[in-house]
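Data first, discussion second: the structure below is written as structure tokens.
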Amino acid sequence: MAVAPVPEPIAGGPSAPTAPYRLSREWRSFWSNPLAIAGVSMLGFLVLFSFVGPMIYHTSPETPNLLDTFAAPTAGHLLGTDALGRDELARLMLGGQLSLEVGFAAGFLTVVLGTLYGLISGLAGGWLDAILMRIVDILFALPGLYILLLVDSIFSPSALLLVAVISLLGWLGTARLVRAEVLTLKRREFVQAARSLGSGNWRIMLRHLLPNVMGVVMVTATFAVGTAILTVAGLSFLGLGLPPPTPNWGGMLSDGSNYIFQNAWWLIYPPGLAIVAVELGVNFIGDALRAAFDPRLREGRA
Amino acid sequence: MLKYVLSRLLQAIPTMIGVTMISFLIIHLVPGSPVYTMLGPKASKHLVALFNAEYGLNLPLPIQYVRWLGQVLQGNLGISYFQNQTVAQLISVALPRTLAIIGIGVVVAHIISIAMGTYQAWRVNKWDDHALTSFSYFFYSMPTFWLGLVMIMIFSFYLSWFPPGGLANPGQPPVGFTVWISHIALPIITLVLLIVAGWGRYMRTAMTETLVQDYIRTARAKGLSEWVVLFKHGLRNSVLPLITFVGFSIPGLFAGNLFIEEVFNYPGMGLLTYNAVINHDYPIVLATVLIVGALTVAGNLIADLLYAFVDPRVQYT
């Protein structure tokens, strides 16, 4: 599929402070971007595939059939069967539900934590800001994956634990970006005016700063969802993610990887391609959002 | 300049102390004392008390931390609970293997990213630029472990070009270069594809921005060859930020490497950590977290200093 290039950022300086319900110029720019259309349709398709698919495709994802294991794709099993003779397509749909739910939840929580931290740090300034940012530096130096693995091996992993741990380790980047935005915003007249009218810190943060950092926040949220879905899949692939029996894409790949040399390609390609499609969708949307909402922000995802 | 170097060095110290403190705390949050892991759940009270006194486990946590830190600074990382070796021995075997993959991978990926990004910026918005951008997006969106599986499927199973990973010489005398490189070829190619997907995109953006500058037009106008314009005038300005990427990327590189080592069954730092986590062999986990943390801090420091050295425009304060 041909992919349009990353569009050049809109010319001109930082956009004027506007409330989120008046962002129509940015949204128009977003929807006129082919990347956005491609991303939204890919993600939309996968959501429909996972959540509406099972209503159309009635084969059970959980009934084993030991007489029909490792069946290559046929009319009865459109994507073949796995080591226990379970239908791969039905499992792919069911697995998508869990992978997407956990990914979106973890991505959302990541960004909420990071935004709050960045708002507080940036607005506070001074020694509190210095300490908070030092903490971020330290956490950035820790290998998050190793710690994720450790926590998952100590406590029995569940969807909730994964959401909690992934977001607790993932908010650092968002916090830095939001703080940087707040540092420039808080010197602006509208914040000074609000303060001189007697607004407290929380009111300034939530009423005046938050709407203005929403552009950055949405961009990082999109990438955070992508990272979270990859992390969940990776942990499940290592056997430390979402527990069986409910399938998920990473776990299915982990099962399938044992049968590479039996040429069971239908256990390897479909779950992987599903993850790639979600990630592509998320990256397209993130890049389109970045182009529309934040001309200054580039390559925020190191 | 000297002042800048010193201040960056001083900044790195609290970060490193923080890293050691957090790693130490996480390990001590683990339920169950190492006593029972070492001596078994039926150890007598007397034996437990002796063991705790012997290893200083009855002391307050801050004192334990200081003692442990002192040991670490002397290079003593403890003894593996399950493998009858010191952690330092295990790591001295595993780390070079991992550094071979990451080192070769990063160098090759740098060369390809720079070449690809420069080419794309030169051909910006032409069909081949679009093709390479699609390539980047595709690999950028790919889970490491899945790419590894696909590589094994294609190059090991279908084509039989390379072995599906593993060590070239498990416990045996050194092998020839060709055998060695053929075993780590697939892991390295996997890593390179993933890095190039990210860095190549970055280089394209940086180079595109450079090539519209006035001094590039001047260089072209005075009749310099396209080659000189691109590589002497253009590249010098856009390649610098790539240096800092290596520092930032170290935790990510080790994370990706863990999946690669798992898929290709290559016993380096990733597999060592993974197996230690599975077996609850905490001294190893603590040490690997610490080493990757230290490498990250050092990487960032070196990147910052290097950047200040090569770019005369950087204001060091």
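Just so you know, these numbers use all the heavy atoms, side chains as well, and skip hydrogens, waters and symmetry mates. In what follows, chains are A, B, ... by sequence order, proteins preceding strands, each numbered from 1. None of these values were measured; they are calculated from a predicted model.
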task: Tell me, with the steps shown, if B:T20 and B:Y65 meet side-chain hydrogen bond (donor to acceptor under 3.5 Å, both in side chains).
output: CA-CA 9 Å; B:T20 59; B:Y65 167 73; 2.7 Å; yes
message: Please classify the contact of B:V285 with chain A as side chain, backbone, both or neither, using a heavy-atom distance under 4.5 Å.
response: side chain
query: Which pair of heavy atoms, one from A:M252 and one from A:L92, lies closest together, and at what distance?
result: CE-N, 3.7 Å
Side chain / backbone / both / neither for B:T296 at chain A, heavy atoms under 4.5 Å: side chain
task: Could you look at B:T273 and say if it's the side chain, the backbone, both or neither that has a heavy atom under 4.5 Å from chain A?
output: side chain
message: Looking only at side-chain N and O atoms, does B:S113 offer a donor or acceptor that is under 3.5 Å from a partner on B:Y202?
response: no
- prompt: For A:N248, which of A:S99, A:S236, A:S254 qualifies under side-chain hydrogen bond (donor to acceptor under 3.5 Å, both in side chains)?
  reply: A:S236
query: Between A:I135, A:I147, A:L253, which shows the greatest number of heavy-atom pairs under 4.5 Å with chain B?
result: A:L253
Under-4.0 Å salt bridge between B:D129 and B:R123: no
query: Under a 4.5 Å heavy-atom cut-off, does chain A meet the side chain of B:F138, its backbone, both or neither?
result: both
message: Is the positively charged end of B:R201 above the ring of B:Y137, judged by distance under 6.0 angstrom from the centroid and angle within 45° of the axis?
response: yes
Stepwise ring pair (Phe, Tyr, Trp, His ring centres under 6.0 Å) check, B:F254 with A:Y146: CA-CA 9 Å; B:F254 272 85; A:Y146 287 13; 7.1 Å; no
message: At a heavy-atom distance under 4.5 Å, which candidate from A:L273, A:D137, A:L238, A:I229 has the highest pair count against chain B?
response: A:L238
Under 4.5 Å from any heavy atom of chain B - which part of A:L139: side chain
task: Heavy-atom distances under 4.5 Å only: say whether A:L148 touches chain B with side chain, backbone, both or neither.
output: neither
task: Can you see which heavy atom on A:A277 is nearest to which on A:L46, and at what distance?
output: CB-CD1, 3.5 Å
- line: Turns out that what part of A:Y269 lies under 4.5 Å from chain B's heavy atoms comes down to both
- line: When the 4.5 angstrom heavy-atom criterion is applied to B:T288 and chain A, the contacting part is both
message: Please identify which of these residues, A:V136, A:T220, A:I166, A:V178, meets the side-chain contact (heavy atoms from CB on, under 4.5 Å) condition with A:W171.
response: A:V136
query: Which bit of A:L240 is near chain B, if near means a heavy-atom gap under 4.5 Å: side chain, backbone, both or neither?
result: side chain
task: Against chain A, label B:L149 side chain, backbone, both or neither, depending on which of its atoms sit under 4.5 Å from a heavy atom there.
output: both
query: With respect to chain A, which residue among B:L258, B:I22, B:L147 yields the maximal number of heavy-atom pairs within a distance under 4.5 Å?
result: B:L258
query: Is it the backbone or the side chain of A:I138 that comes under 4.5 Å from a heavy atom of chain B, or both, or neither?
result: both
